[in-house]
*Asks:* 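Input: one structure, supplied below.
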Amino acid sequence: MKHPPAFWLFPIGLVFAVAVSLLPGQWPLYVVLGVATALLGLPHGSLDTAVAKRYLPLGNPLRLGGFFAAYLALSAAVIAVWWQVPDIALAVFLVYSAVHFGDDVAARIGRVGGTGYGLWIISLPVVFQADVVVPLFEMLGSTRPELIVRAAPWSLALGGALLLMGLLSHQSREVSDWRDPLLLVVAAWLLHPLAYFIAYWCFLHSPRHLMLAAQDLGLNSWGEKLRAVAPTTLATYALAIAAIPFLIGLPADAMLMRLIFVGLAALTVPHMVVEFIAEARR
């Protein structure tokens, strides 16, 4: 059976993450996180406009403008909530990220198994690297990160049980559906949580999602894919740069963490809405 590119990219990403973790100091890790997110992570969501054009009636500029306005309004709402209640926003972000990550495998192991897969991915680094995760959560504005740390073993156990149910009850499962969760256990144990995130987000979730979305849109060549993702990706870069003045005064590491993770939280909500609509109409 021919495996998709992400099947081989993920182990490569894990080796890359190990190499990054061995670099002295924290800043090489932060720099690689920023570059990898910008070049490998963000582009998969940049197909949202093309997906929306295919599955929504956006045939004139007014409707297309309305789509962009709604997309940005959802993102702005997420940022506003994070600004006011960061602890709640962070917890909710982790939950809907788990649901979103579960979409990667739900078609093969079911929605229940996919939800378990997502909880497994999110919970592992919190359980294995709690002492490292707490200051990272604090950089994101959390004042009670220990609450998430206390909940993580329970969400990991629930995720593992649901994932196992999905794997055992669906014959359509692939090798990667059990291989990847096992590799992530080793990664969460050995790697800094940010290196773990780089390996999963940039070398598994993003390329897998990008390939599936591109295939659905009939984008076959790399040139077609690049032309499709470039405008929205560049616009996202511009928005991130525009947000920097509002973060002046924070330590540089906290500024970078908020740009990346609060930005991803803000983009994930409308991205999930677009995917939900598209999935219902495919």
Side-chain angles (χ1 to χ4, degrees), residues 4-6 34-84 89 92-93 95-97 99-104 106-107 114 118 201-202 205-247 258-282:
V35 173
T37 298
L39 298 181
L40 302 175
L42 283 178
H44 86 278
S46 297
L47 286 175
D48 282 355
T49 302
V51 172
K53 285 181 178 179
R54 177 162 185 172
Y55 292 103
L56 293 173
L58 303 178
N60 61 63
L62 184 61
R63 289 182 175 180
L64 185 60
F67 165 77
F68 286 129
Y71 199 100
L72 292 174
L74 278 174
S75 295
V78 172
I79 294 172
V81 170
W82 204 299
W83 190 274
Q84 295 297 321
V92 173
F93 170 54
V95 171
Y96 67 70
S97 293
V99 173
H100 178 53
F101 294 156
D103 289 341
D104 289 355
W201 169 257
C202 298
H205 174 73
S206 181
R208 179 160 56 187
H209 189 105
L210 178 62
M211 290 298 176
L212 290 175
Q215 183 180 10
D216 181 54
L217 294 169
L219 304 174
N220 298 314
S221 71
W222 279 106
E224 290 176 316
K225 295 182 182 74
L226 289 173
R227 284 192 293 272
V229 304
T232 306
T233 301
L234 293 175
T236 304
Y237 295 164
L239 289 173
I241 293 171
I244 291 176
F246 297 97
L247 300 174
R258 293 196 190 191
L259 276 175
I260 292 174
F261 287 100
V262 178
L264 289 178
L267 292 171
T268 299
V269 170
H271 174 63
M272 289 179 66
V273 171
V274 171
E275 284 299 309
F276 177 78
I277 294 171
E279 186 62 32
R281 300 183 180 186
R282 285 189 175 115

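This is a predicted model, so every value here is computed, not measured.
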*Asks:* Let me see the working for Arg63 and Leu56 under side-chain contact (heavy atoms from CB on, under 4.5 Å), right down to the final yes or no.
*Replies:* CA-CA 9 Å; Arg63 289 182 175 180; Leu56 293 173; over 6 Å; no

*Asks:* List the residues meeting salt bridge (charged side-chain N to carboxylate O under 4.0 Å, His left out) with Asp103, not counting sequence neighbours, and say none if there are none.
*Replies:*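 With sequence neighbours excluded, Asp103 shows a salt bridge (charged side-chain N to carboxylate O under 4.0 Å, His left out) to Arg111, given in chain and number order.
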
*Asks:* Over 60° means perpendicular and under 30° means parallel, so tell me whether His205 and His100 are parallel, tilted or perpendicular.
*Replies:*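 His205 and His100: perpendicular rings.
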
*Asks:* Minimum heavy-atom separation for Cys202 to Gly41, with atom names?
*Replies:*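 What the structure gives for the nearest pair is SG-N, 4.2 Å.
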
*Asks:* Taking only residues two or more places apart in sequence or in another chain, which ones pass ring-ring contact (aromatic ring centres under 6.0 Å, His included) with Phe246?
*Replies:*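 ring-ring contact (aromatic ring centres under 6.0 Å, His included) list for Phe246, sorted by chain: empty.
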
*Asks:* Quick one: list whatever passes side-chain contact (heavy atoms from CB on, under 4.5 Å) with Leu210, sequence neighbours left out.
*Replies:*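 Counting only residues at least two positions away or on another chain, Leu210 forms a side-chain contact (heavy atoms from CB on, under 4.5 Å) with His44, Leu47, Val229.
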
*Asks:* State which residues pass side-chain contact (heavy atoms from CB on, under 4.5 Å) with Tyr96; sequence neighbours excluded, sorted by chain then number.
*Replies:*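 By the side-chain contact (heavy atoms from CB on, under 4.5 Å) rule, Tyr96 matches Val78, Val92, Phe93, Ala265, Thr268, Val269, Met272.
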
*Asks:* Does CD in Glu224 sit with more than 12 non-hydrogen atoms of other residues, nucleotides or ligands closer than 6.0 Å?
*Replies:*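 More than 12 heavy atoms, drawn from other residues, nucleotides or ligands, come within 6.0 Å of this atom.
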
*Asks:* For Val95, what residues pass the side-chain contact (heavy atoms from CB on, under 4.5 Å) criterion, not counting sequence neighbours?
*Replies:*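 Val95 satisfies side-chain contact (heavy atoms from CB on, under 4.5 Å) with no residue once adjacent residues are dropped.
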
*Asks:* For atom CZ of Phe276, decide whether the heavy atoms of other residues, nucleotides or ligands shown that lie under 6.0 angstrom number more than 12.
*Replies:*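 Result for CZ/Phe276: open.
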
*Asks:* Within a strict 4.5 Å, meaning less than it, do heavy atoms of the Val274 and Tyr55 side chains meet?
*Replies:*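 No; the side chains remain at least 4.5 Å from each other.
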
*Asks:* How many angstroms lie between atom CG of Leu267 and atom OG of Ser46, to the nearest 0.5 angstrom?
*Replies:*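 Nearest 0.5 Å value for the CG-OG distance: 8.5 Å.
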
*Asks:* Would you give me the side-chain donor-acceptor pairs under 3.5 Å for residues 68-75, sequence neighbours excluded?
*Replies:*
unit_1	atom_1	unit_2	atom_2	d
Tyr71	OH	Asp48	OD2	2.5
Ser75	OG	Tyr71	O	3.3
Ser75	OG	Ala266	O	2.9

*Asks:* So how far is it from Arg54 CZ to Asp216 CG, rounded to the nearest 0.5 Å?
*Replies:*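 Nearest 0.5 Å value for the CZ-CG distance: 5.0 Å.
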
*Asks:* Quick check for you: to the nearest 0.5 Å, what is the distance between Glu275 atom CD and His209 atom NE2?
*Replies:*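 Here the interatomic distance stands at 4.0 Å.
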
*Asks:* Let me confirm one number: the OG1-CD1 distance from Thr37 to Ile260, rounded to the nearest 0.5 Å.
*Replies:*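 One gets 4.5 Å once the value is rounded to the nearest 0.5 Å.
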
*Asks:* Not counting sequence neighbours, which residues clear side-chain contact (heavy atoms from CB on, under 4.5 Å) with Pro245? List them please.
*Replies:*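 With neighbours one apart ignored, the set is empty.
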
*Asks:* Which value, rounded to the nearest 0.5 Å, describes the distance between Leu259 atom CG and Leu239 atom CG?
*Replies:*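 With rounding to 0.5 Å, CG (Leu259) is 11.5 Å from CG (Leu239).
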
*Asks:* Do the side chains of Trp201 and Phe101 get nearer than 4.5 Å, heavy atoms only?
*Replies:*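 With C-beta onward as the side chain, the pair touches.
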
*Asks:* Nearest 0.5 Å, please: how far is CG in Leu264 from NE2 in His271?
*Replies:*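 Output value for this atom pair is 10.5 Å.
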
